[in-house]
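Here is the structure we will look at.
Both counts, for ligands and for their atoms, begin at 1 and track the order of listing. The structure displayed is predicted, hence computed values, not measured ones.
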Amino acid sequence: MFANIKIPPGIRLFNKIADFRAWRRQLLLDRQTLGYVPTMGALHKGHLALVTSAKDKCDHVALTIFVNPAQFSPTEDLATYPRTLQNDLDQLAALGPGITSAVLVPSVKEMYPGGIELDVSKQKGTFVEVKGLSHQLEGITRPHFFRGVATVVSKFLNIVQPEQVFFGQKDVQQCAVIKAMIRDLHFPVKMNICPTVREKDGLAMSSRNAYLTPDQRKYALVVHKALSTIESLYHSGQHHAPSLIDAGAALIEQARQQVQKENLDWEVKLDYLSINSPEDLSTISGTIDQQEGCIVSTAVFVGKTRLIDNLLLDVSDSAQKI
Ligand code: AMP
């Protein structure tokens with residue numbers, strides 16, 4: 001199954017769910033705890049930080065690498081999403097011996113035994129939907145995205161049966177959706193949310209950053225700049241959400257105009273920049289309550305690449321709130 005893949009010593013690589021389960025069952029019998037990191041592969045330091053965090057809290061760490069068709073729309077990048085298994089395994093091995101115990105890379109056929117159509121109206125089978133948290137923010141541009149995410153994460157929680165699971169704050173709405181799903185479906189797992197890992201200049205690490213041309217990479221920085229400008233304004237006393245959004249959006253507009261001026265053949269385009277309650281993701285359209293705090297989140301197209309990022313303001317314990 002893994003032709004031409006050199007499996008680093010100490011890491012168990014599984015393709016079949018049953019084989020993974022047999023390995024996991026033995027851990028349970030040996031009273032060893034398991035921390036789980038779900039990924040789509042093309043690993044970077046953001047993913048590796050989740051693995052390290054999992055190893056701090058659990059005896060063993062398992063990852064899944066699965067580019068989940070159910071969370072892509074027919075017009076998105078399922079076919080071109082980077083698939084870099086050898087490099088992923090090498091990066092995990094480079095973390096040191098005994099950090100990653102197992103990696104499950106299942107087939108689409110086994111994960112979706114009834115098949116999986118990208119067109120939701122043609123789908124058959126079992127899907128999980130977290131109502132109330134899935135249709136705002138990311139859900140406006142990607143209406144079926146969180147249904148795909150919740151479905152695959154619930155499948156994987158059933159398969160992996162970890163004591164603890166680790167997600168990145170980079171995908172803050174995903175954290176809110178999964179947290180609600182774990183609560184509502186009574187998955188016996190503790191959820192951990194780890195801080196966003198960034199490049200030196202502030203760009204949030206993402207597997208999709210690989211799509212950016214050198215020119216686009218320069219302009220991608222505006223996403224972080226917009227958020228950190230909002231953060232500074234907030235800390236200097238500006239708590240009026242629309243004013244904060246205007247300040248951030250102005251920077252993105254400047255970048256858009258600059259790209260146009262330079263006659264580049266792609267665009268910077270703001271998808272959304274929003275300030276929301278950490279409790280229920282409702283939009284804050286007036287003054288931010290400092291007791292409650294808020295999530296500032298944005299999605300910006302830089303060329304065809306859609307970059308997302310966020311920051312939490314006065315949200316003290318992200319694992320509790322989101
Ligand atoms: P993905 O492979 O993009 O689906 O991401 C797998 C997990 O890694 C998710 O929980 C993401 O939130 C997390 N993740 C992705 N990028 C980062 C980052 N820059 N910092 C921290 N976690 C991240």
Side-chain angles (χ1 to χ4, degrees), residues 35-57 61-72 76-78 80-85 87-89 91-92 95 100 103-106 111 137-138 142 145-157 160 162 164-182 189-212 217 220-221 223-224 227-228 295 297-300 305-312 318-319 322:
Y36 167 48
V37 180
T39 81
M40 297 210 298
L43 301 186
H44 51 68
K45 288 188 182 131
H47 298 111
L48 300 180
L50 301 185
V51 172
T52 310
S53 202
K55 182 62 189 172
D56 283 345
K57 298 197 162 132
V61 178
L63 285 86
T64 52
I65 294 180
F66 183 66
V67 183
N68 173 35
Q71 67 193 64
F72 288 78
E76 289 179 336
D77 55 342
L78 174 63
T80 56
Y81 195 87
R83 288 156 170 91
T84 58
L85 182 58
N87 187 41
D88 292 350
L89 295 173
Q91 287 192 69
L92 292 170
L95 285 178
T100 302
V103 179
L104 170 63
V105 187
M111 287 300 287
L137 300 171
E138 284 296 287
R142 312 182 77 189
F145 174 71
F146 288 115
R147 176 176 177 273
V149 169
T151 299
V152 83
V153 172
S154 62
K155 285 171 187 266
F156 276 128
L157 288 177
V160 177
Q164 303 202 35
V165 64
F166 296 78
F167 288 91
Q169 192 214 301
K170 154 94 177 4
D171 298 278
V172 67
Q173 188 175 5
Q174 171 168 286
C175 291
V177 166
I178 298 300
K179 188 174 178 228
M181 183 190 85
I182 286 173
V189 64
K190 177 178 176 347
M191 177 165 174
N192 297 270
I193 299 173
C194 304
T196 301
V197 177
R198 299 177 178 281
E199 302 285 357
K200 278 205 182 77
D201 61 5
L203 179 70
M205 292 198 179
S206 162
S207 306
R208 287 189 167 99
N209 291 351
Y211 297 151
L212 298 168
R217 172 66 182 78
L221 207 53
V223 178
H224 175 63
L227 291 176
S228 36
I295 300 171
S297 60
T298 188
V300 178
T305 308
R306 188 166 175 281
L307 301 173
I308 62 169
D309 201 348
N310 68 82
L311 71 104
L312 306 180
S318 59
I322 48 176

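Looking only at protein heavy atoms, the nearest one to atom 9 (C) of ligand 1 is Gln174 NE2, 3.8 Å. Counting only heavy atoms of the protein, atom 5 (O) of ligand 1 lies nearest to His47 NE2, 3.4 Å. Residue, atom and distance of the protein heavy atom nearest to atom 22 (N) of ligand 1 are Gly168 CA, 3.5 Å. Scanning the protein heavy atoms around atom 14 (N) of ligand 1, the nearest turns out to be Asp171 OD2, 4.2 Å.
If you look at Cys194 next to ligand 1, there are no close heavy atoms at all, none under 4.0 Å. Neither the backbone nor the side chain of Val37 has any atom closer than 4.0 Å to an atom of ligand 1 (non-hydrogen atoms only). If you look at His44 next to ligand 1, the close heavy atoms, those under 4.0 Å, all belong to the side chain.
For ligand 1, the atoms sitting less than 4.0 Å from at least one non-hydrogen atom of Met205 are 16 (N), 17 (C), 18 (C), 19 (N), numbered in the order shown with element in parentheses. Close contacts of ligand 1 with Leu50, meaning ligand atoms under 4.0 Å from a residue heavy atom, involve 7 (C), 8 (O), 10 (O), 13 (C). The distance from ligand 1 to the heavy atoms of Met40 drops below 4.0 Å at these ligand atoms: 1 (P), 2 (O), 4 (O). Interface atoms of ligand 1 facing Thr39, defined by a heavy-atom separation under 4.0 Å, are 2 (O), 6 (C). Residue-ligand proximity, Phe167 to ligand 1, at heavy-atom distances under 4.0 Å covers atoms 10 (O). Within the listing of ligand 1, atoms 16 (N), 17 (C), 18 (C) sit less than 4.0 angstrom from a heavy atom of Lys170. Of all the atoms in ligand 1, the ones that sit under 4.0 Å from a non-hydrogen atom of Pro38 are 6 (C), 7 (C).
Annotation: the span from Ile178 atom CD1 to Phe146 atom CZ amounts to 8.5 Å, rounded to 0.5 Å. Remark: Gln174 CD to Leu137 CG distance equals 13.5 Å, nearest 0.5 Å. Taking OG1 of Thr100 as the reference point, atom CG of Asp88 lies at 11.0 Å (rounded to 0.5 Å). If you take CD on Glu76 and CZ on Phe145, they are separated by 8.0 Å, rounding to the nearest 0.5 Å. Interatomic distance, CG of Asp77 versus OG1 of Thr305, reported as 8.5 Å (0.5 Å rounding).
Using a 4.5 Å heavy-atom cutoff, the side chains of Met111 and Lys155 are in contact. The shortest side-chain heavy-atom distance between Val37 and Thr64 does not fall under the 4.5 Å cut-off.
In this structure, His47 contributes its side chain and His44 its backbone to a donor-acceptor pair below 3.5 Å. Thr196 places no side-chain N or O within donor-acceptor distance of the main-chain N or O of Ala204, the cut-off being under 3.5 Å. Although no hydrogens or angles enter the test, the distance criterion places no donor-acceptor pair under 3.5 Å between the side chain of Lys179 and the main chain of Met191. Remark: the backbone N or O of Leu43 is paired with a side-chain donor or acceptor of Gln91 at under 3.5 angstrom. Counting only distance, with no hydrogens or angles, the side chain of Asp309 and the backbone of Leu203 share no donor-acceptor pair below 3.5 Å. Listed for the Gln173 side chain is a donor-acceptor partner under 3.5 Å among the backbone atoms of Glu138.
Where the criterion is an N or O separation shorter than 3.5 Å, residue side chain and backbone included, Gln169 fails it with respect to ligand 1. Below 3.5 Å of separation, one finds no N or O of Phe166 facing any N or O of ligand 1. Taking any N or O of Thr196, backbone or side chain, none lies under 3.5 Å from an N or O belonging to ligand 1. Ligand 1 has a nitrogen or oxygen under 3.5 angstrom from a nitrogen or oxygen of Val197.
Looking at Gly41, Pro195, Ala49, it is Pro195 that brings a heavy atom closest to atom 21 (C) of ligand 1.
Distances shorter than 4.0 angstrom do not occur between any heavy atom of Cys175 and any atom of ligand 1. Ligand 1 lies out of reach of Ala42, whose nearest heavy atom is not under 4.0 Å from it. The shell of residues lying under 4.0 angstrom from ligand 1, judged by heavy atoms, excludes Arg208.
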